[in-house]
There are 2 protein chains.
Amino acid sequence: MARKRFDDSNCSVARALNQVGDWWSLLIVLHAMYGTRRFVDFQQELGIAKNILCDRLARLVDNGVLKKVDVGEHGSRFEYRLTEKGRDLFPVVIALRQWGDKWNPAPDEAPLDLRDRATGQPIQTVQVQNIEGDPVTVRDVFVSGDAVPGSKKDTA
Amino acid sequence: MARKRFDDSNCSVARALNQVGDWWSLLIVLHAMYGTRRFVDFQQELGIAKNILCDRLARLVDNGVLKKVDVGEHGSRFEYRLTEKGRDLFPVVIALRQWGDKWNPAPDEAPLDLRDRATGQPIQTVQVQNIEGDPVTVRDVFVSGDAVPGSKKDTA
DNA sequence: TAAATAGAGTTGCGTTAAGAGACCAAATTA
DNA sequence: TAATTTGGTCTCTTAACGCAACTCTATTTA
């Protein structure tokens, strides 16, 4: 978290990072995807300070990633649930998880094995695909409208 | 950027965020993917303070995301190039970009149109797929080895 | 050859945000 | 009624960010 914000950046990645680009926000979203909904559960699972958690949850709600639901049961009771916008971060989170599993594997532990409920099989590695479904790397793409596609990035 | 680090977390997402989870690092990687390699270019394109840029570049090099290459041409000259590990962040960056384009579109500007060099066609939306290639959402997956798959997260 | 410029940092300083822990209030449970 | 749970606020310390100025080397330019 820093001083400079990117709300008005013309780069959608920067704007996205503005909403979920700090350490905690994406972890909160991740845990929400795993089923966590309550303030105390987030706090205990993440080991985050309460004031920071308050701030992050409120910001995520403001940004429409989570919605705060009053559930009248026991204690002061609210639930933070993913919105469609929040659930739509699934590919981002999974891509990040797979990248972490690949390049920074836990020394002791096996990576989390996510499986499709329908087939019982592991999910695929998230990849960028072209129109035909073939995987493409950063070297295979160009920005449409660019002056000279391929002038710089093809040797990165 | 905060105090708490996650180097030893048993969550690969947390460990990944530890390496590229601050605002600047992913933007640096993004620009590197677009072809930026020089210190001054990063600085001007990102509008980042030089000391912060120094720190982030060094950290990304330490983490193996970038490599620092001495190019003996003019001036004190170095280039920061993506490693395979860095290039492997492509799906993460693209997924984030697409999420940003979808949920926080620029008021004036059209989203960046990335196209496949081979076909000239736009790339697909990044998605999580099951073994058969069908897209799955967060509600369609469970953690293998979990006690009761489907007990909590299917109503998130 | 001297001066100016550019690349890549480093250092110092003020501002802002993160983190820990204490405290608080409503609603529940015992 | 007392104790607990839940969700949140307050203060204080520390760390990170951002700016500007400075360094150092190599390369142009005059």
Side-chain angles (χ1 to χ4, degrees), chain A residues 1-9 14 17-28 31-32 35-63 66-81 152, chain B residues 1-9 14 17-28 31-32 35-63 66-81 152:
Chain A
M1 201 56 47
R3 188 136 31 116
K4 190 169 281 191
R5 308 308 291 262
F6 298 107
D7 306 274
D8 55 346
S9 172
L17 288 174
N18 208 32
Q19 301 200 348
V20 293
D22 64 297
W23 288 5
W24 290 121
S25 296
L26 254 194
L27 286 181
I28 290 172
H31 280 247
T36 304
R37 293 177 178 179
R38 308 298 293 269
F39 187 92
V40 283
D41 293 332
F42 281 115
Q43 206 211 327
Q44 288 173 2
E45 292 172 13
L46 294 169
I48 184 176
K50 294 170 81 174
N51 50 351
I52 306 299
L53 179 58
C54 273
D55 179 78
R56 286 312 115 83
L57 287 173
R59 186 179 302 172
L60 288 169
V61 169
D62 281 347
N63 289 334
L66 296 177
K67 57 175 178 285
K68 186 173 182 177
V69 180
D70 194 330
V71 293
E73 285 171 9
H74 40 278
S76 311
R77 66 242 100 203
F78 299 99
E79 284 189 358
Y80 295 89
R81 300 189 195 167
K152 298 171 68 182
Chain B
M1 199 57 49
R3 189 135 31 116
K4 189 169 281 191
R5 308 308 292 264
F6 298 107
D7 306 274
D8 56 347
S9 172
L17 289 174
N18 207 33
Q19 301 199 348
V20 293
D22 64 298
W23 287 5
W24 289 122
S25 296
L26 253 196
L27 287 180
I28 290 173
H31 280 248
T36 304
R37 292 177 180 178
R38 306 298 292 270
F39 186 93
V40 282
D41 294 332
F42 281 116
Q43 207 210 326
Q44 287 172 2
E45 292 172 13
L46 294 169
I48 184 177
K50 294 170 81 173
N51 51 349
I52 307 298
L53 179 58
C54 273
D55 180 77
R56 287 310 115 87
L57 287 174
R59 186 177 302 173
L60 288 170
V61 169
D62 281 346
N63 289 333
L66 296 177
K67 57 175 177 282
K68 186 173 182 176
V69 180
D70 194 330
V71 293
E73 285 171 9
H74 40 279
S76 310
R77 64 240 104 198
F78 299 99
E79 284 188 357
Y80 295 89
R81 301 188 195 168
K152 297 170 69 182

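Sequence lines set the chain letters: A, B, ... in the order given, protein chains first and strands last, and positions in each chain run from 1.
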[N] [atom2] sits how many Å from [X] [atom1], rounded?
X       : N      : atom1 : atom2 : value
A:Gln43 : C:dG21 : CD    : C1'   : 11 Å
A:Glu79 : D:dG8  : CD    : P     : 13 Å
B:Asp22 : C:dA18 : CG    : C1'   : 14 Å
B:Arg59 : D:dA16 : CZ    : P     : 8 Å
B:Arg56 : C:dA8  : CZ    : P     : 19 Å
A:Leu27 : C:dA18 : CG    : P     : 14 Å
A:Ile48 : C:dG21 : CD1   : P     : 14 Å
A:Glu45 : D:dT6  : CD    : P     : 13 Å

Self-check item: Under the salt bridge (Lys or Arg N to Asp or Glu O under 4.0 Å) test, residues paired with B:Asp55 that sit two or more places apart
Solution: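 B:Arg59.
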
Self-check item: Residue closer to the 5' end of DNA chain D, B:Ile52 versus A:Val40 (nearest nucleotide)
Solution: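 Upstream on the strand: A:Val40.
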
Practice problem: Sequence neighbours left out, what passes side chain to side chain contact (heavy atoms under 4.5 Å, CB included) with B:Asn51? Give chain and number order. | Solution: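 B:Ala49.
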
Practice problem: Apply side chain to side chain contact (heavy atoms under 4.5 Å, CB included) to A:Val61 and list each qualifying residue two or more places apart in sequence or on a separate chain. | Solution: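 Partners of A:Val61 by the side chain to side chain contact (heavy atoms under 4.5 Å, CB included) criterion, ordered by chain and then number, come out as A:Leu66, A:Lys68, A:Tyr80.
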
Rounded distance [0.5 Å steps], [atom1] in [X] versus [atom2] in [Y]:
X       : Y       : atom1 : atom2 : answer
B:Ile28 : B:Ile48 : CD1   : CD1   : 4.5 Å
B:Thr36 : B:Gln43 : OG1   : CD    : 12.5 Å
A:Ile52 : A:Trp24 : CD1   : CH2   : 9.0 Å

What N/O pairs connect the protein and nucleotides 9-12 of chain C at under 3.5 Å? Give each pair on its own line.
residue	atom	partner	partner atom	Å
C:dG9	OP1	B:Lys68	NZ	2.4
C:dG9	OP2	B:Tyr80	OH	2.3
C:dG9	N7	B:Lys50	NZ	3.2
C:dG9	O6	B:Lys50	NZ	2.6
C:dG12	O6	B:Asn51	ND2	3.4

Quiz item: Taking only N and O in the side chain of A:Trp24, is any of them less than 4.0 Å away from OP1 or OP2 of C:dA17?
Solution: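 No.
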
Quiz prompt | Any A:Arg38 side-chain nitrogen or oxygen under 4.0 Å from OP1 or OP2 of D:dG7 | solution =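 Result: yes.
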
Quiz item: Where is the tightest heavy-atom contact between A:Arg56 and A:Ser25, given as atom of each residue plus distance?
Solution: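 Looking at all heavy atoms of both residues, the shortest contact is CD-OG, 3.6 Å.
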
